[in-house]
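Just so it is clear, the values below take in all heavy atoms, side chains as well, and ignore hydrogens, waters and symmetry mates.
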Amino acid sequence: MKTAVVARPPVFGGRVKTFDDKAARSIEGVREVFEIPLVRARRWQWWLTKFWTAKQARDRLKIDWDVSA
């Protein structure tokens with residue numbers, strides 16, 4: 001069974017300016033980090049084998065959010 005978690009912006013309508021996923025990808029068990037295209041914003045999702053690994057990977061992702069929306 002695979003587990004996925006989503007990184008959401010801190011405010012409604014927030015968008016991703018830049019991101020760095022190197023630290024998240026360095027965790028053993030991370031299968032993929034990818035964007036979920038939406039109409040008004042972007043989200044990032046991780047495919048992993050265990051929830052705790054997924055949460056740690058999400059926490060290590062460096063996202064610069066554009067919250068001016």
Novice: If I take atom CD from residue Gln56 and atom CD from residue Glu28, how far apart are they, to the nearest 0.5 angstrom?
Specialist: 11.5 Å
Novice: Grab the two heavy atoms, one from Val6 and one from Arg58, that are nearest each other, plus how far apart they are.
Specialist: O-CD, 3.5 Å
Novice: Which distance, rounded to the nearest 0.5 Å, do you find between the CG of Asp21 and the NZ of Lys62?
Specialist: 10.0 Å
Novice: To the closest 0.5 Å, what do you measure between CD1 (Ile63) and CZ (Arg8)?
Specialist: 11.5 Å
Novice: Going by heavy atoms in the side chains, are Asp64 and Phe19 under 4.5 Å from each other?
Specialist: no
Novice: Can you name the closest pair of heavy atoms from Val30 and Ala24 and give their distance?
Specialist: CG2-O, 3.2 Å
Novice: Of all heavy-atom pairs between Leu61 and Asp20, which one has the smallest distance, and what is that distance?
Specialist: CD1-O, 3.4 Å
